[in-house]
Amino acid sequence: MILVGVDGSRSSLEAVSWAVREAGLRRTGLRVVHVMPAWPLEMTRDTPHAEIGRWMREGAETTLDGALDRIREEGGDVEVVSELLPGGDPRQALIEAAAHAELLVVGSHGLGGFEGMLLGSVALGVAGHAPCPVAVVRRRPAEPRGRVVVGVDGSPAGVDAVAFAFAEAEIRGAELHAVHAWNRPIVGCGPFALADAEETAQQERRALAEALAGWGERHPDVKVTERLEYGHPVEVLREASTEADLLVVGSRGRGDLTALLLGSVSHSLLHHASCPVVVTPFPGR
């Protein structure tokens, strides 16, 4: 089951469109939820401020109806359920609701965001914290590009990103571009610097090969292109996203503090990627 959170914003409706197509590819159901305070859902007609509660419930139901209208526009044979979720914090409510989901889908920013913000608090709050992969739909390519990009860094979180990307490429019939970027400083000068650069490149090439080992055999129909590039991972992957239908990254990479659930690379790409981004959870969550 795919879970998609909606709030009535244009961004969340884009997330709904993406989610219903994803559910069709996976041949699974779609659960559409809107989070609202608990008290309007629990109050009766005789409760103080009942009229305000009724107005809030009607607004929430209108939000769900708008999402269901978008699903009907998309078409497809997908089983859909909709639900109002009680919760003071939409982020926490979505994280808890995602306990049994294959994938949580949200828009990049909602009604509460400032106009100039690239990423809303809900998208940032659930990515890396949910127990399942999280898709943040910021931009959808106008036409399918037939390409899934995965950032490979050799970290434990990166293993799940690779697994997700292979499976996603397979169901889409898309090529998989496995991108490993490195920008370790080169020591020495002259021929010593050249030798160090070549040795480092060999090490990074081995790391990429090791991260992909065995996955081609599990997904023999997926065409894989390995890309090793010198440069900052954010810039390299951002550029790769301009030609992709989907970018997949782990929630944390090498070098991040243990307490951080969302690493600097995945955080930056949620802001700047040119296609939807899936962030896979850190192992053990």
Side-chain angles (χ1 to χ4, degrees), residues 1-6 11-33 64 67-83 85 94-108 123 126-128 130-141 143-151 157-178 215-224 241 244-251 270 273 275-281 283 285:
M1 179 269 296
I2 292 177
L3 175 69
V4 57
V6 299
S11 179
S12 77
L13 291 178
E14 284 294 295
V16 168
S17 293
W18 190 91
V20 71
R21 295 179 186 181
E22 184 71 13
L25 289 171
R26 292 168 175 257
R27 299 182 181 178
T28 190
L30 183 63
R31 181 186 178 198
V32 185
V33 299
L64 284 180
L68 295 175
D69 287 342
R70 176 63 71 94
I71 291 171
R72 282 188 283 270
E73 291 173 7
E74 293 292 341
D77 185 19
V78 174
E79 181 179 347
V80 180
V81 296
S82 61
E83 182 180 357
L85 287 184
L94 288 172
I95 288 170
E96 293 174 359
H100 303 291
E102 301 174 40
L103 181 66
L104 168 60
V105 184
V106 294
S108 59
V126 298
C132 65
V134 175
V136 177
V137 181
R138 181 163 175 263
R139 297 177 182 173
R140 288 194 304 151
E143 297 292 335
R145 295 160 174 165
R147 179 181 299 181
V148 172
V149 171
V150 59
V159 174
D160 285 346
V162 170
F164 185 97
F166 265 95
E168 193 69 19
E170 184 169 59
I171 63 174
R172 289 170 176 261
E175 294 183 7
L176 177 62
H177 283 228
W215 290 106
E217 288 77 6
R218 300 180 206 183
H219 300 275
D221 295 330
V222 175
K223 179 182 177 181
V224 182
S241 75
D245 296 310
L246 186 67
L247 172 62
V248 185
V249 292
S251 57
L270 286 175
C275 66
V277 179
V278 168
V279 179
T280 58
R285 280 198 63 77

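Here the structure is a predicted model, which means the values were calculated and not measured. These numbers come from the heavy atoms of this one structure, side chains and all, not from hydrogens, waters or symmetry mates. Each residue takes its place number in the sequence, starting with 1.
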How close do [X] and [Y] get, heavy atom to heavy atom, and via which atoms?
X      : Y      : answer
Pro281 : Ser251 : C-OG, 3.6 Å
Arg145 : Cys275 : NH1-CB, 4.5 Å
Ala130 : Leu104 : CB-CD2, 4.2 Å
Leu94  : Gly5   : CD2-CA, 4.1 Å
Ser108 : Ser11  : N-OG, 2.9 Å

Is [Y] close to [X] at the side-chain level, that is, under 4.5 Å between some pair of heavy atoms?
X      : Y      : answer
Val224 : Phe166 : yes
Trp18  : Leu246 : yes
Cys132 : Leu103 : no
Val32  : Val6   : yes
Ile95  : Pro131 : yes
Glu22  : Val105 : no
Val159 : Val162 : no

Would you list the pairs meeting salt bridge (charged side-chain N to carboxylate O under 4.0 Å, His left out) in which at least one residue belongs to residues 161-170, sequence neighbours left out?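 Listed once each, the pairs are Arg26-Glu168, Glu168-Arg172.
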Rounded to the nearest 0.5 Å, what separation is found between the [atom1] atom of [X] and the [atom2] atom of [Y]?
X     : Y      : atom1 : atom2 : value
Ile71 : Leu30  : CD1   : CG    : 5.0 Å
Met1  : Arg31  : CE    : CZ    : 5.5 Å
Arg21 : Ile2   : CZ    : CD1   : 13.0 Å
Leu3  : Glu102 : CG    : CD    : 11.0 Å

| said: Any side-chain to backbone donor/acceptor pair from Thr280 onto Pro133? Under 3.5 Å, distance only. | reply: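 No; zero donor-acceptor contacts below 3.5 Å.
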Is the count of non-hydrogen atoms from other residues, nucleotides or ligands lying under 6.0 Å from Glu83 atom CD greater than 12? yes
query = Is it true that atom CZ of Arg72 has more than 12 heavy atoms of other residues, nucleotides or ligands lying nearer than 6.0 Å?
reply = yes
Problem set entry | With sequence neighbours excluded, residues passing side chain to side chain contact (heavy atoms under 4.5 Å, CB included) with Glu73 |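 Only Arg70 meet the side chain to side chain contact (heavy atoms under 4.5 Å, CB included) criterion with Glu73.
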Sorted by chain and residue number, the side chain to side chain contact (heavy atoms under 4.5 Å, CB included) partners of Ala163 (sequence neighbours excluded) come out as Trp215
